[in-house]
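Comments concern the structure below.
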Amino acid sequence: MLFDDEALDGSLPVTVSVLVPVAVDEAYSYRVPAGMRVCPGSIVRVPLGPREVIGVVRDIEEGATVARGRLKDILHVYDDVPPLKADLMLFLDWVANWTLSPPGMVARMVLRSEEALEPEAPLPGVRKVEGAEIERITKARARVLEFVEDGFAWTKSGLAGAAGVSPSVVDGLISHGVLEVVSMPASPPPPAPEPDREGPSLTPAQEAAVDSLRAAIGKGFSVFLIDGVTGSGKTEVYFEAVAEAIRQGRQVLLLLPEISLTSQFLDRFETRFGARPAEWHSDVPPKKRARVWRGAASGDVKVVVGARSALFLPFMDLGLIVVDEEHDTAYKQEDRVSYNARDMAVVRGKISGFTVALASATPSVESQVNALQGRYTRLELPERASGAALPDIIPIDMRTEGPERGRWLAPKLVEALAETVSDGAQALLFLNRRGYAPLTLCRTCGHRFQCPNCSTWLVEHRFRGRLQCHHCGYSEPVPNACPSCGNADTLVACGPGVERIAEEIADILPDAHTLVLSSDLPGGPDRLKREMKVIAEGGADIVIGTQLVAKGHNFPLMRLVGVVDADLGLAHGDPRAGERTFQIISQVTGRAGRIAGQGRGFLQTYAPEHPVIEALLANDRDAFYKSEIEARRASGLPPFGRLAALIFSGADRNQTADFARAVVRAAPHDQSVTLLGPAEAALSLVRGRHRFRALVMAPRAFDLQAYLRQWLKVAPKPRASLRLQVDVDPQSFL
DNA sequence: GTACGAAATGGC
DNA sequence: CCATTTCGTACC
């Protein structure tokens, strides 16, 4: 379907609509200059105002949609890369429509590697000049010549490295005319993963799951939910699905929530398939990114492992997407185009007609409901692949068997800790709160330290000697005297954070080697990686950590997990609080006893009768999902009803609130709208701007889309510095 | 998203 | 009063 200006009778110039990377609803029209050939999906460079941008041709236009005089010519077609395929174009439109984002901004997500559009520059290489002889031969020179004897070209540094000589030896041979500089074809296609290498032996449950997946791959659209307890070997199962897709000659995308997981993951992949997959995430340098992008487009790259943005790669023939840890909130992008990569992966599978496999030990309620309703096929892996039993979960009722005042660990837990450490095994204490104490107040006047920007308490970080706001990053030094009444030494820390638990451990088990893991650890991600390794090798007796310890890394020696405050996180008004709490505590207690022998998990709670805590204590996943689904159904919350939030930001808090109220008044069905101020929304300062959210509820997702679109039409125009942001991702709420 | 002119702030 | 920052708008 090609056309240029001769394609029509020549009287009218051909115009095409082009998606340009600006926040407008429509595509812009451009003229196709004589002799240029473009088709829908062509990647083009076009003038836009004073600059030049990269866009995608959406369609041919029948009549000009814009004044003839304003039409500009397309400057260039990138024809070294294939045009975006029709199914990807459909996907982009779908995503733009669903997220209420400008289509050009969605298209931009595909075009994020500018380098990829030009062919890779050929590398300078060296090759032996045929028949050339050198008069003065040295040992080093002889070694180099050995490698180039076969006449193949090498890179200069590659040759020097292989021969074990310095690059100057190679330079010397070039100047003597023995070697010549040639241009080498840049990077050959990466080695292909081998699907038929022998995999690990599988349990019967794994085998059954693999059979179902294999049977579906290559037979059109299907979605599977691989629902397996921690340690049940989900990875091995979906690796077999990957192998099947590769066997069928198709490409595979493996989505992971955390880039920190990839190095471990890539090793496992290499063990199974004998080659590394291509990587795609924000830390991959531009040249490598460009190679992956081109490889995906050409089909040379068979498997990509990536973060959520990999979903927008222009695969030539994608045959499977695996979304690992599908419940993970990292799949959701909040800024710019707000989307959930897990849901959009399903959409991409639906549009292009291939299999999507979601995997998790603690699937999201949405996915469980989709499985119950038959939209997804659930593959259950109820047992650990190693045969190890799941940990015993032991309740600690803090109302009757809690610690004395000023302590946070119950005697029962302390006893178990001491026992575990003296056995030479490791213990993990989980508390999802950074710092020393979440609230500081004055004993004399009752003054509470609050963030001047947000309406949250300042968290004391004793190690650093500062009071910090965990919302906006504001911080101040801990004062000696109360700023309100002026009395000295009257400030008291209320409640525990991980630092305070570490202090308590140092006091009661002074000989234990303790390590605190939290995301604000000084030293950054590298330090964190090292600490993880130290733990895995047994270099710590007790690990005290925030939610960081729930994810990824295996701690083979871990035998005991203590949850310091199981109720934390259930308190707030978030309708997903129960789900999040269940997921994180399951994942953390699942760390116990995978290898180190029968594990135990202790849950300190004030609310043992809360349905979430009850299900956790009974180690009964089904009970949790049953009660949660019932509760969601009763209140019309997702996935049964849909939520969206309109986010209002502006420099002035009162003005923002006024505007938000005006928009809510303009809404067609006011009974389904709630306006949340910064305090209630637990959000206030984002890049210096206050945010308000109006929550909208509707029974079905598409009602919500239509509703918001209508609403935005009738809403007053934002004045001055006010901005309106619509967030319609079904997973997103606060 | 970004570049531009217009308007508003701010220092001497 | 001019220099610098901030805001509002158009971009085909």
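By convention in this document, chain letters (A, B, ...) are assigned in the order of the sequence lines, proteins followed by strands, and residues within each chain are numbered from 1.
- Rounded to an integer number of Å, the gap from CG of A:D25 to C1' of C:dC11 is 14 Å.
- Residue A:R70 places at least one side-chain N or O under 4.0 Å from the OP1 or OP2 atom of C:dC11.
- For A:R108 and C:dC11, the CZ to P distance is 20 Å, given to the nearest whole Å.
- Rounded to an integer number of Å, the gap from A:K72 NZ to C:dC11 C1' is 8 Å.
- The distance between atom OH of A:Y28 and atom P of C:dC11, rounded to the nearest whole Å, is 7 Å.
- What separates CG of A:L75 from P of C:dC12 is a distance of 11 Å, to the nearest Å.
- Residues passing the side chain to side chain contact (heavy atoms under 4.5 Å, CB included) test with A:V284, sequence neighbours excluded: A:E279, A:H281, A:K288, A:R289.
- Between the side chain of A:R642 and the main chain of A:R700, no donor-acceptor pair closer than 3.5 Å is present.
- Where DNA chain B meets chain A (any atom under 4.0 Å from a heavy atom), the bounding nucleotides read 5' to 3' are B:dG1 to B:dC4.
- Within 4.0 Å (heavy atoms only), A:V24 reaches at least one base atom of the nucleic acid.
- Each ring pair (Phe, Tyr, Trp, His ring centres under 6.0 Å) pair with one or both residues in residues 283-313 of chain A, not counting sequence neighbours, appears once here: A:F91-A:F312, A:F312-A:Y339.
- Using a 30° and 60° split on the angle between ring planes, A:H76 and A:Y78 fall in the perpendicular class, above 60°.
- Environment of NZ in A:K350: sparse, with no more than 12 heavy atoms of neighbouring residues, nucleotides or ligands closer than 6.0 Å.
- Although no hydrogens or angles enter the test, the distance criterion places no donor-acceptor pair under 3.5 Å between the side chain of A:D703 and the main chain of A:A698.
- As rounded to whole Å, 22 Å separates atom P of C:dC11 from atom CD1 of A:I54.
- If you measure from atom CG of A:L19 to atom P of C:dC11, you get 18 Å, rounded to the nearest angstrom.
- Residue A:E61 contributes atom CD, which lies 9 Å from atom C1' of C:dC12 at whole-angstrom precision.
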